[in-house]
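Worksheet: one structure, shown below.
All values below come from the heavy atoms of this structure, side chains included, with hydrogens, waters and symmetry mates left out. Starting from 1, each residue takes its place in the sequence as its number.
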Amino acid sequence: MNMRKSVLCLAALLVSLASYPQNAQDRWTISGNGELVWDIDGRVPHSDFIEMSGQMVSTVVRYEVAADSSLNIDLSVVWPMLRTIPNDTHASLNRHFGEDFISMIECGEKPLGHFVTKSVTLDGTFKTEETVNSAGGTLSLSRILFPSVDKPAFCSKYVLKNISVNEMKLEIPYASISYDTPAPDGAYGAYHLTNEVISGRPNLTLKPGEECTFYSVITGAKEGEDFSEIDVEKELSARKALVEEWRSELVLDTPDPVLNAMFSFAKIRASESIFKTKGGLMHGPGGESYYAAIWANDQAEYVGPFFPFLGYSIGNEASFNAYRHFARYMNVNYDPVPSSIIAEGVDVWNGAGDRGDAAMLAYGASRFALALGDRMKTEELWVFIEWCLEYCHRHINADGIVLSDSDELEGRFPSGNANLCTSTLYYDALNSAAYLGKALGKPYDIYVLRAKMLSRNIEKYFGTNVEGYDTYRYYNGNEKLRSWICIPLTAGIFDRRNGTLNALFDKLWTGNGLLSQSGTTTYWDRSTLYALRGAFFAGDTQRALEHLSSYSRTRLLGEHVPYAVEAWPEGSQRQLSAESGLYCRIFTEGMFGIRPTGLRSFDFSPRLPSGWNKMSLRDIKAFASRFNIEVERDGDALRVKVTTFGKSLVNKKVRSGDKISVRME
């Protein structure tokens with residue numbers, strides 16, 4: 001990122017933080033440069049976890065600050081490409097490591113004792129500041145934990161500083177532990193694991209104010225691979241540079257620093273969880289369970305349409321690769337495609353039958369293709385999109401609704417044999433296919449007609465009163481409100497807008513987002529994120545903002561931070577990566593209302609909340625261009641500007657929610 005852009009981003013952040021109201025229940029604060037900081041303030045013990053990923057490793061850092069303010073860390077290190085037997089969905093090698101060597105450091109031939117944790121900081125790495133008092137004096141300890149960008153290594157950097165008035169004689173252990181996993185347990189034989197502490201000066205004397213640095217590296221490798229020479233400083237620089245790249249593209253600037261910061265963090269989680277498999281780059285959910293594999297919902301539907309807006313080339317490549325992998329399973333009989341392609345692309349999982357996967361794939365691939373703006377790639381995807389749409393068409397029932405065995409919840413809640421999600425995704429995909437067909441010079445009128453007919457059928461089949469709300473039943477026979485009644489709003493179906501929004505926010509909303517079904521305690525963030533996007537897109541701006549602000553504050557500054565999660569109680573709120581992509585889409589497609597209409601064109605309908613004077617999305621990379629959208633209050637109307645490389649494409653006064661059409665030059 002160039003210096004001018006860095007200064008502008010920092011200035012915008014400082015302005016927003018000036019009015020940042022700290023909540024007494026917040027555990028974390030947002031620093032002046034966008035980090036999350038927990039200053040240990042006596043509210044201990046407290047424990048949490050965060051997942052961080054690189055192209056060849058992922059690690060869940062579980063940490064606890066105990067009642068005496070000492071820090072305990074457990075590292076659950078996952079190597080997605082070190083496959084185990086059986087080589088199924090969950091067959092990524094996973095081992096736990098501690099940091100017990102810290103307790104082996106001695107001063108004056110005596111153990112230091114326990115360090116007192118002063119702060120924990122999250123910024124794409126995991127950092128702590130600690131102190132310890134010993135007989136010889138006082139030391140501070142700074143830790144930075146992070147994954148390598150492109151190697152199967154998880155790294156830690158430690159800086160000890162003498163902050164007392166006396167010289168301190170230290171003994172820092174040099175340790176190297178290695179072992180091989182059993183060859184019969186590995187799909188590629190035995191794997192060599194190492195945990196090494198690298199100390200430049202194991203015995204040294206620190207004068208007051210002096211410091212020393214040492215490192216630890218955990219690696220995993222196949223036979224014949226050598227990752228023994230890891231330069232931790234270079235790895236740290238690479239990680240910081242990549243995080244800065246994500247933060248500096250697709251920049252959200254609103255008067256609410258919590259939304260700005262969570263959007264920035266969501267870009268990290270959505271982008272980092274991409275693995276370099278033998279089947280090409282594969283975005284993976286993570287969560288210690290789902291790696292080197294792709295799903296029709298998580299990768300194709302949720303996060304794939306987001307990456308063109310961020311412009312992250314590896315994210316775009318991984319998304320395109322996912323659609324190509326699924327396209328391998330097109331067939332002349334129109335049998336279902338698998339729900340998931342696993343084990344680096346060599347096997348499939350289809351345990352829930354047809355979940356409406358073809359609708360998910362058509363929806364995601366068509367929105368991705370439109371936003372990417374690459375004609376050659378779109379031509380390749382077109383055949384697959386057409387196949388998925390035809391599959392859905394062939395599974396229309398007598399009521400004009402798409403049949404499927406289940407939905408993305410895979411039977412956790414009932415979905416009948418035809419559910420609202422599948423038909424709505426198909427509807428949206430038909431509209432996208434019409435735009436694509438027109439852009440490519442392909443026949444597309446049939447998709448326009450089918451979309452219109454399906455919209456009427458969705459109303460006839462699903463539209464009804466449920467628990468006193470004029471909304472949708474999720475399937476035939478459904479008598480309980482379900483969180484996925486939100487999905488028609490995201491597709492621009494507003495027939496039951498008011499009843500649906502009331503049901504979502506008055507009946508299903510909790511402190512952790514939406515209940516999956518009324519009368520239960522289960523929530524999945526994915527439907528909450530869809531609902532917030534749909535509420536903005538439908539124009540319920542103030543209520544959407546109220547609930548988005550509450551949700552974001554909980555996820556960013558509360559007890560489990562800093563990302564959107566999968567579910568509760570299942571998964572214990574794992575930070576699966578595609579949900580963070582859905583969080584970003586609340587703003588791109590909801591608050592700013594961007595709807596791709598061609599390879600170089602889009603409509604958008606910005607919703608500026610009444611308490612805000614302006615908002616912007618800068619450095620958007622979609623539609624084969626780079627552009628900014630700025631929205632500013634102008635009396636009772638809005639002044640909307642779209643610029644690209646300093647050139648104005650739109651500069652007009654509109655009403656909130658008005659549709660503005662843009663064609664990139």
Please determine, by modelled atom types, if [X] and [Y] share a side-chain donor-acceptor pair under 3.5 angstrom.
{"X": "Glu196", "Y": "Tyr174", "result": "yes"}
{"X": "Tyr583", "Y": "Ser552", "result": "yes"}
{"X": "Ser70", "Y": "Asp68", "result": "yes"}
{"X": "Tyr312", "Y": "Glu245", "result": "no"}
{"X": "Glu288", "Y": "Ser76", "result": "yes"}
{"X": "Tyr551", "Y": "Asp525", "result": "yes"}
{"X": "Asp39", "Y": "Ser119", "result": "no"}
{"X": "Ser178", "Y": "Thr194", "result": "no"}

Please work out whether the ring planes of [X] and [Y] are parallel, tilted or perpendicular, with thresholds of 30° and 60°.
{"X": "Tyr323", "Y": "Phe368", "answer": "tilted"}
{"X": "Trp38", "Y": "Trp28", "answer": "tilted"}
{"X": "Tyr158", "Y": "Phe214", "answer": "parallel"}

- Task: Determine, step by step, whether Asn162 and Lys207 satisfy the side chain to side chain contact (heavy atoms under 4.5 Å, CB included) criterion, reporting the C-alpha distance in whole Å, the side-chain angles of both residues, the deciding distance to 0.1 Å, and the verdict.
- Result: CA-CA 7 Å; Asn162 182 356; Lys207 295 179 181 179; 5.6 Å; no
Of the non-hydrogen atoms in [X] and [Y], which two are nearest, and what is the gap between them?
{"X": "Val565", "Y": "Gln573", "value": "CG1-O, 3.5 Å"}
{"X": "Thr213", "Y": "Lys157", "value": "CG2-CE, 3.9 Å"}
{"X": "Ala293", "Y": "Ala343", "value": "CB-N, 4.4 Å"}
{"X": "Cys107", "Y": "Met168", "value": "SG-CE, 3.6 Å"}
{"X": "Ile40", "Y": "Thr117", "value": "CG1-O, 3.3 Å"}
{"X": "Ala270", "Y": "Val303", "value": "CB-CG2, 4.3 Å"}

Under 3.5 Å, is there a donor-acceptor pair between the side chain of [X] and the main chain of [Y]?
{"X": "Lys267", "Y": "Trp246", "result": "yes"}
{"X": "Ser340", "Y": "Ile342", "result": "no"}
{"X": "Arg585", "Y": "Tyr302", "result": "yes"}
{"X": "Thr29", "Y": "Val37", "result": "yes"}
{"X": "Ser577", "Y": "Gly284", "result": "yes"}
{"X": "Glu51", "Y": "Gly287", "result": "yes"}
{"X": "Glu171", "Y": "Met104", "result": "no"}
{"X": "Asn321", "Y": "Leu281", "result": "yes"}

Using 0.5 Å steps for rounding, measure from the [atom1] atom of [X] to the [atom2] atom of [Y].
{"X": "Asp41", "Y": "Lys118", "atom1": "CG", "atom2": "NZ", "value": "12.0 Å"}
{"X": "Ser289", "Y": "Asn94", "atom1": "OG", "atom2": "CG", "value": "8.5 Å"}
{"X": "Arg83", "Y": "Asp185", "atom1": "CZ", "atom2": "CG", "value": "14.0 Å"}
{"X": "Tyr63", "Y": "Asp74", "atom1": "OH", "atom2": "CG", "value": "13.5 Å"}
{"X": "Phe265", "Y": "Asn260", "atom1": "CZ", "atom2": "CG", "value": "12.5 Å"}
{"X": "Ser319", "Y": "His283", "atom1": "OG", "atom2": "NE2", "value": "7.5 Å"}

Who are the side chain to side chain donor-acceptor pair (under 3.5 Å) partners of Asp150, not counting sequence neighbours?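 For Asp150, no residue satisfies side chain to side chain donor-acceptor pair (under 3.5 Å) once neighbours in sequence are set aside.
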Student check: side-chain heavy atoms of [X] and [Y] closer than 4.5 Å:
{"X": "Thr59", "Y": "Leu145", "answer": "no"}
{"X": "Gln299", "Y": "Phe326", "answer": "no"}
{"X": "Tyr563", "Y": "Ile50", "answer": "yes"}
{"X": "Thr84", "Y": "Thr181", "answer": "no"}
{"X": "Thr128", "Y": "Phe115", "answer": "no"}
{"X": "Ile218", "Y": "Val57", "answer": "no"}
{"X": "Pro208", "Y": "Asn166", "answer": "no"}
{"X": "Cys584", "Y": "Phe263", "answer": "yes"}

Ring of Phe227, cation from Lys151 - is the NZ or CZ under 6.0 Å from the centre and inside 45° of the axis?
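Pair Lys151/Phe227 does not count as cation-pi.
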### Message
Quick check with a 6.0 Å cut-off and a 45 degree axis cone: is Arg62 positioned over the face of Phe49's six-membered ring?
### Response
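Flagged: Arg62 positioned over aromatic ring of Phe49.
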Q. How far apart are the C-alpha atoms of Phe146 and Val232, what are their side-chain angles, what is the distance that settles it, and do they pass the side chain to side chain contact (heavy atoms under 4.5 Å, CB included) test?
A. CA-CA 10 Å; Phe146 61 96; Val232 176; 3.9 Å; yes
Is the closest basic N to carboxylate O distance between [X] and [Y] below 4.0 Å?
{"X": "Arg574", "Y": "Glu566", "answer": "yes"}
{"X": "Arg27", "Y": "Asp48", "answer": "no"}
{"X": "Glu272", "Y": "Arg239", "answer": "yes"}
{"X": "Glu167", "Y": "Lys169", "answer": "no"}
{"X": "Glu249", "Y": "Arg626", "answer": "yes"}

Run Asp347 and Asp88 through side chain to side chain contact (heavy atoms under 4.5 Å, CB included) and show every step you take. CA-CA 8 Å; Asp347 203 353; Asp88 58 17; over 6 Å; no
Q: Before giving the answer on side-chain hydrogen bond (donor to acceptor under 3.5 Å, both in side chains), spell out for Ser53 and Ser58 the whole-Å C-alpha distance, their side-chain angles and the decisive distance to 0.1 Å.
A: CA-CA 4 Å; Ser53 306; Ser58 193; 2.7 Å; yes
### Message
Between Tyr215 and Glu233, is the side-chain hydrogen bond (donor to acceptor under 3.5 Å, both in side chains) condition met? List the steps.
### Response
CA-CA 9 Å; Tyr215 311 93; Glu233 290 292 350; 2.8 Å; yes
message: Lys222 vs Tyr191, test: side chain to side chain contact (heavy atoms under 4.5 Å, CB included). Steps then yes/no.
response: CA-CA 5 Å; Lys222 300 174 185 174; Tyr191 303 129; 4.0 Å; yes
Does [X] have more than 12 heavy atoms from other residues, nucleotides or ligands lying within 6.0 Å of its [atom1]?
{"X": "Lys276", "atom1": "NZ", "answer": "no"}
{"X": "Lys240", "atom1": "NZ", "answer": "no"}
{"X": "Glu223", "atom1": "CD", "answer": "no"}

